[in-house]
*Asks:* 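Dropping a structure here in structure tokens format, bear with me for questions.
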There are 2 protein chains.
Amino acid sequence: MEKSVGSQRPQRLTDRGQATRAHIVKNAADLIYANGVHATNNEFLRNAAGVSGSQLTHYFPNKESLILGVIDWQADSVLGFHRDDRFAGFDSIDAFQDWADFYILSGRPFEDGCGIGSLASEIIKTDLDIHDHLALVFEQWRDIFRDGLERMQQLGRIDASVDPVRLAHMFIAAYQGGMLLAQIARDIAPLRDALYAAVDHLRTFAE
Amino acid sequence: MEKSVGSQRPQRLTDRGQATRAHIVKNAADLIYANGVHATNNEFLRNAAGVSGSQLTHYFPNKESLILGVIDWQADSVLGFHRDDRFAGFDSIDAFQDWADFYILSGRPFEDGCGIGSLASEIIKTDLDIHDHLALVFEQWRDIFRDGLERMQQLGRIDASVDPVRLAHMFIAAYQGGMLLAQIARDIAPLRDALYAAVDHLRTFAE
DNA sequence: GTAATTTTGGACTAGTTCGTCCGCTTGTTG
DNA sequence: CAACAAGCGGACGAACTAGTCCAAAATTAC
């Protein structure tokens, strides 16, 4: 995640340069999450981040490299969130319930919603050479769930016959699909229903 | 669905005009599904549909109206598919299993995949006045599932305590999320896992 | 302290895209 | 057949955007 293509250095970066670069990426991520990739142009980004045009070029020679930087940023964000201690590596049904509740009970699912899903769906059809990079992030995410489910099996908390990968896919799909439906309906209900149904399904394997 | 904003007539359409308009919409839908809204520009569409620039303007005064036309087309496509006799109104678990199998066993989930999900995620953040229109389509889709599940309850096929809307949301979310993951991973597995897990969950309520 | 390097500013350009415009062709109506 | 409307073709223009370029300011290295 550190040494990605998006992290290509123009030459070398001083501390100040790294700070400016991070500042640009953060603002770009916010703008893209709010308005989409296409609507996030040079000018808006300059105004939002308070930088000049040459700075964008200096740290990101083209838009593709900027998007890669944003993907890295979003990937760190979502993976870091799921690795937080509060979820204890997803080794219990309660952890999954807490995870679902976080989005539903926070009352602001879209603000805290992972931006990498919507970003992915927006650029998945472009010819950007981002596919493998993106696939890796979702694999890591799935593995967090899978590892937790495997540990639950070892601990005898769920049936040994279930396929952890399959359930991990179910959880991420429920989240991504639920998020899309919630955005379309401007209502949290579809997300809540999808996430709680997924947790309920996990619960049917409890021992 | 018929008298939508996207169906605004320049003045009146003869049979020939309607044919040309439908031809443009069909090609636009294909191009957008394959390359996304942004990459589908005037020129590509002219070449693909074999029409002139003025024809695009004639039938669709601006790009937004064209996108609305494509949404209508995709909505008819997905709703028509789900109302097909083969699914018998989704009044049995087998119908849901057949529905899931269709995408998995056809071997070409992306070709037959509903284009309205990816289209929705791409334009959901734009300022286009499409939100309500899009929400209505997904409501109708959900209601197809909901009605089937309610009938299953009346027929005593599933437990009367389950919430049909909730399960309907689960199915659509599993499909949309699974599709996204499948496209990212270039692998049908996440879609298969999500859909089959959803059907399995429904099965836990069988009586 | 000075030379080299990095960071920054902002105007400018080349390319793209949506939509307009004018005129021609086809067909329909009275 | 005449007048009018709809369908059609393709060039053109206005607006927008990614990326370039020339310097200046700040920082670091020697």
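Reminder, nothing fancy here: chain letters follow the sequence lines and each chain counts from 1.
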*Asks:* To the nearest Å, give me how far apart CG (A:Leu56) and C1' (D:dC21) are.
*Replies:* 15 Å

*Asks:* Can you tell me the distance, in whole Å, between the CG atom of B:Asp15 and the C1' atom of D:dG7?
*Replies:* 13 Å

*Asks:* Can you tell me if the side-chain N/O atoms of A:Asn62 get under 4.0 Å from OP1 or OP2 in D:dG19?
*Replies:* no

*Asks:* Without decimals, in angstroms, what is the distance between A:Leu45 CG and C:dG10 P?
*Replies:* 16 Å

*Asks:* Separation of A:Asn47 atom CG from C:dG9 atom C1', in whole Å?
*Replies:* 14 Å

*Asks:* In whole Å, what is the span from the NE2 atom of A:His58 to the P atom of D:dT20?
*Replies:* 14 Å

*Asks:* Rounded to the nearest angstrom, tell me the gap between atom CG in A:Asn41 and atom P in D:dA18.
*Replies:* 5 Å

*Asks:* Just to confirm, is there a sub-4.0 Å distance from OP1 or OP2 of C:dG9 to any side-chain nitrogen or oxygen of A:Ser52?
*Replies:* yes

*Asks:* Once the angle between the rings of B:His201 and A:His201 is folded into 0 to 90°, is it parallel (under 30°), tilted (30 to 60°) or perpendicular (over 60°)?
*Replies:* perpendicular

*Asks:* Between A:Arg203 and A:Asp94, is there a side-chain N and carboxylate O pair less than 4.0 Å apart?
*Replies:* no

*Asks:* Select from A:Gln18 and B:Arg46 the residue whose nearest nucleotide in DNA chain C is closer to the 5' end of that strand.
*Replies:* A:Gln18

*Asks:* With the side chain of A:Lys63 defined as its heavy atoms from C-beta on, choose the nearest nucleotide among D:dG19, C:dT8, C:dT17.
*Replies:* D:dG19

*Asks:* Check the phosphate of D:dC8 against B:Tyr59, side-chain N and O only, distance under 4.0 Å to OP1 or OP2. Yes or no?
*Replies:* yes

*Asks:* Kindly indicate whether a cation-pi arrangement holds for B:Arg21 with B:Phe60, taking the cut-offs as under 6.0 Å to the six-membered ring centre and within 45° of the axis.
*Replies:* no

*Asks:* Where does the angle between the aromatic ring planes of A:Phe81 and A:Phe102 fall among parallel (under 30°), tilted (30 to 60°) and perpendicular (over 60°)?
*Replies:* tilted

*Asks:* Distance check needed: C:dG9 C1' versus A:Ile24 CD1, whole Å only.
*Replies:* 13 Å

*Asks:* Could you tell me whether the side chain of B:Ile116 reaches within less than 4.5 Å of the side chain of B:Phe138, counting heavy atoms only?
*Replies:* yes

*Asks:* For D:dT17, take OP1 and OP2 only and decide whether either is under 4.0 Å from a side-chain N or O of A:Asn42.
*Replies:* no

*Asks:* Determine, for nucleotides 21-30 of chain C in 5'-to-3' order, which nucleotides have protein heavy atoms under 4.0 Å from the base (write B), from only the sugar-phosphate (write S), or from neither (write -).
*Replies:* B----SS---

*Asks:* Ignoring the backbone of B:Gln55, work out which of C:dT17, D:dG9, D:dT17 is nearest its side chain.
*Replies:* D:dG9

*Asks:* Output the rounded distance in Å from CZ (A:Arg21) to P (C:dT7).
*Replies:* 12 Å

*Asks:* Do A:Arg146 and A:Phe171 form a cation-pi contact, if we require the NZ or CZ to be under 6.0 Å from the six-membered ring centre and within 45 degrees of the ring's axis?
*Replies:* no

*Asks:* Please work out whether the ring planes of B:Phe87 and B:His82 are parallel, tilted or perpendicular, with thresholds of 30° and 60°.
*Replies:* tilted

